[in-house]
Amino acid sequence: MKQAYILVEDIYEDMEFWYPYYRLQEAGFNVTVVAPEKGKTYTSKHGYPAVSEIAAAKANPKTPAVLIVPGGYA
């Protein structure tokens, strides 16, 4: 399965995170949420939560075929 990383940080742009997240899953990608801290909940500009699955410091930059950087502070 192809791997995708999507970055998240507080005050992320909702549609720039969630739209690619679900479209990549539909396309057969394993989507991993990457943030400064693993397991932390990050809140969007409109209050939607996203929980990180891996800390950025632990993410292997060679792993993903796709990297999404949504607007906000990601």
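Numbers here simply count residues along the sequence, with the first being 1.
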For Ser52, side-chain hydrogen bond (donor to acceptor under 3.5 Å, both in side chains) partners two or more places apart: none
Output a table of donor-acceptor pairs, distance under 3.5 Å, between side-chain atoms of residues 32-43 and any protein atom two or more places apart or on a different chain; print 'none' if there are none.
from, atom 1, to, atom 2, distance (Å)
Thr32, OG1, Gln3, NE2, 2.6
Tyr42, OH, Glu37, N, 3.0

Can you find a heavy atom in the side chain of Tyr5 that is under 4.5 Å from one in the side chain of Val66? no
Distance-minimising heavy-atom pair for Trp18 and Pro49: CZ2-O, 3.3 Å
Can you name the closest pair of heavy atoms from Leu24 and Ala4 and give their distance? CD1-CB, 3.9 Å
Pairwise distance CD(Glu16) to CG(Leu7) - rounded to 0.5 angstrom: 12.5 Å
Does Phe17 reach the side chain of Tyr48, with side-chain heavy atoms less than 4.5 Å apart? no
NZ or CZ of Arg23 within 45° of Tyr21 ring axis and under 6.0 Å: no
Would Ile68 and Tyr22 show up in the same hydrophobic cluster when neighbours are defined by side-chain heavy atoms closer than 4.5 Å? yes
Going by the rule salt bridge (charged side-chain N to carboxylate O under 4.0 Å, His left out), which residues pair with Glu13 if we only count those two or more places apart in sequence or in a different chain? Lys45
For the CD1 atom of Ile6 and the OH atom of Tyr12, what is their distance to the nearest 0.5 Å? 9.0 Å
Is Ile54 reachable from Leu67 through a run of hydrophobic residues whose side-chain heavy atoms are each under 4.5 Å from the next? yes
